[in-house]
**Student:** 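Here it is: the structure, laid out below.
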Amino acid sequence: MSQGASENKERPLSPHLLVYKPQLTSMLSILHRATGVALIVGTLMVAWWLVAAAIGEDAYNGARDFANSPLGTLMIFGWSVALFYHLSNGIRHLFWDLGYLFKIENAYKAGYFVLFMTVLLTGITWFAAFSQAEDAVPVSTQESVESCEKLCASYSDTAKDFRGERTCVELCTEEGPCSLPHVACTEVPEMKGDKE
Amino acid sequence: MKLKWDNEGMKSPLARARGLGSAHEGADHWMKQRITAIANIPLVIWFVFSVVSIRGASHAEFTEWLAHPVNAILAILLIISTFYHAVLGSQVVVEDYIHSEWFKVVKLIGTKLFFFALAVACIFSILKIAL
């Protein structure tokens, strides 16, 4: 073959990936691998999170601050998209393994459904996460108990942490201003539904 | 020299093929990938719910949450199942795309050692917090 190539570089090549028109089925297939590889980065974040929590409070706060930073949030967003795509398309693959969805039209329908589910699940997850953090107080940036308590004054006395256990002021004095979660002083979320 | 299959004249071709590929593993890899995939479905859904509900928690709140036996058990199952699935998946990717033999072997062994170490680190951390 190398002999032929040296004789005539213009001779036709056998078809390879780039000469095919992109199709939904082939694109979703390669995307399944790409998201699978991307999810490995997600496992690193899980490991960091768990090991940091085991080491102690400072390490845990470092991991949490990164997760809450713009870069960390972007990475977690990408992670969630990859996770929901790989989950949805993985179920599509399991249907193939059972012998279903082999007709071209069904493979396409399931492919569009996978994309729909990816968007839907990502949307629901981030909506749930943000509706919980509504009115969140950026307490972790407070430098002293006093400034933390001052910030708490803008919230009602009945406002509790996200578990509905402690008030903002209690969190300020018990845990120290810098260890407060950024959602510490929100109202009890409606979705928890177990209070009153 | 007597070959291995010389003694297997009584076996049908199917029996010879079954479970005796060139790697002597048959459909083992394929099956393990599916089993971990099925296990991952409920575990990942639980994981997403958990991350959303404990996001922003303080260290004390997070360790208290993880110390609950149900959460600790599900977290360990999640680590084992997803990491195993990741090893199997990345093995296929490496086998498909890396054609340099020595680099492929390095990547395959490295991936397995890496994920094993990562899983041990995660499970130890969970147990340290939970126990």
Side-chain angles (χ1 to χ4, degrees), chain A residues 32-34 36-37 39-40 42-44 46-61 64 67-68 76 80 83-84 86-87 90-91 93-94 97 121 124-126 128-130 132-133 136 140 161-163 165-166 171 174-176 179-184 186 189 191-192, chain B residues 30-31 33-38 40-45 47-67 72 75-76 78-79 82-83 85-90 92-94 96-97 111 114-115 117-130:
Chain A
H32 194 69
R33 282 207 165 176
V37 173
L39 287 172
I40 291 174
T43 66
L44 294 178
V46 171
W48 181 16
W49 188 36
L50 288 169
V51 173
I55 290 172
E57 198 168 337
D58 289 343
Y60 176 83
N61 287 342
R64 197 188 61 194
N68 289 333
I76 294 170
S80 67
L83 188 71
F84 288 130
H86 203 81
L87 175 69
I91 293 171
H93 268 279
L94 289 174
D97 294 338
L121 292 172
I124 289 173
T125 302
W126 285 85
F130 272 108
Q132 207 177 326
S140 58
D161 66 4
F162 73 103
R163 289 186 162 201
E165 287 171 356
R166 283 169 292 184
L171 282 163
E174 282 173 19
E175 300 215 6
S179 64
L180 280 174
H182 71 295
V183 291
T186 58
M191 56 184 289
K192 289 286 174 189
Chain B
W30 187 92
M31 200 44 129
Q33 201 168 28
R34 268 68 190 171
I35 291 170
T36 51
I38 292 165
N40 282 346
I41 296 171
L43 290 169
V44 161
I45 291 170
F47 173 71
V48 172
F49 265 97
S50 302
V51 171
V52 169
S53 64
I54 60 168
R55 65 187 291 279
S58 69
H59 184 254
E61 285 164 334
F62 176 69
T63 50
E64 187 195 333
W65 175 84
L66 193 58
I76 291 171
L78 176 82
I79 295 296
T82 53
F83 282 29
H85 192 76
V87 169
L88 296 170
S90 52
V92 177
V93 174
V94 169
D96 281 357
Y97 299 139
T111 305
F114 173 78
F115 274 106
L118 207 63
V120 168
C122 287
I123 292 168
F124 175 79
S125 299
I126 294 166
L127 292 176
K128 182 172 184 281
I129 291 166

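Chain identifiers are assigned alphabetically (A, B, ...) following the order of the sequence lines, protein sequences preceding nucleic acid strands; residue numbering begins at 1 within each chain.
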**Student:** Check ring pair (Phe, Tyr, Trp, His ring centres under 6.0 Å) between A/Phe84 and all other residues, then give those that pass, not counting sequence neighbours.
**Tutor:** none
**Student:** So which part of B/Leu66 gets closer than 4.5 Å to some heavy atom of chain A, the side chain, the backbone, both or neither?
**Tutor:**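 Contact with chain A involves the side chain of B/Leu66 alone.
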**Student:** Measure the spacing between CZ of B/Phe114 and CG of A/Leu44 and express it to the nearest 0.5 Å.
**Tutor:**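 Result: 4.5 Å between the selected atoms.
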**Student:** If you count heavy-atom pairs under 4.5 Å between each of A/Gly36, A/Ala59, A/Gly90, A/Ala54 and chain B, which one has the most?
**Tutor:** A/Ala54
**Student:** So which part of A/Ile76 gets closer than 4.5 Å to some heavy atom of chain B, the side chain, the backbone, both or neither?
**Tutor:** neither
**Student:** Which residues pass the side chain to side chain contact (heavy atoms under 4.5 Å, CB included) test with B/Thr63, sequence neighbours left out?
**Tutor:**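 Counting only residues at least two positions away or on another chain, B/Thr63 forms a side chain to side chain contact (heavy atoms under 4.5 Å, CB included) with B/His59, B/Ile129.
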**Student:** Can you tell which part of B/Ser90 gets under 4.5 Å to a heavy atom of chain A, answering side chain, backbone, both or neither?
**Tutor:**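 Side chain only.
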**Student:** What part of B/Phe47 is in contact with chain A, defined as an atom under 4.5 angstrom from a non-hydrogen atom: side chain, backbone, both or neither?
**Tutor:** side chain
**Student:** Measuring heavy-atom distances to chain A, does B/Leu78 have an atom under 4.5 Å in its side chain, in its backbone, in both, or in neither?
**Tutor:** neither
**Student:** Chain A heavy atoms under 4.5 Å from B/Val44: which part of the residue, side chain, backbone, both or neither?
**Tutor:** side chain
**Student:** Nearest 0.5 Å, what's the NE2-NE2 distance between A/His86 and B/His85?
**Tutor:**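 Reported value, rounded in 0.5 Å steps: 4.5 Å.
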**Student:** Would you mind reporting whether A/Arg64 and B/Ser58 have side-chain heavy atoms less than 4.5 Å apart?
**Tutor:** yes
**Student:** Identify which part of B/Ile41 has an atom lying under 4.5 Å from any heavy atom of chain A, answering side chain, backbone, both or neither.
**Tutor:**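 Looking at B/Ile41, backbone and side chain both touch chain A.
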**Student:** Hey, which of A/Leu39, A/Thr125, A/Asp97 has the most heavy atom pairs under 4.5 Å with chain B?
**Tutor:**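 Maximum pair count with chain B is reached by A/Asp97.
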**Student:** Which atoms of B/Phe83 are under 4.5 Å from chain A, going by heavy atoms: the side chain, the backbone, both sets, or neither?
**Tutor:**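 Side chain only.
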**Student:** So B/Leu118 and A/Val46, do their side chains get closer than 4.5 Å, heavy atoms only?
**Tutor:**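 Sidechains of B/Leu118 and A/Val46: no contact.
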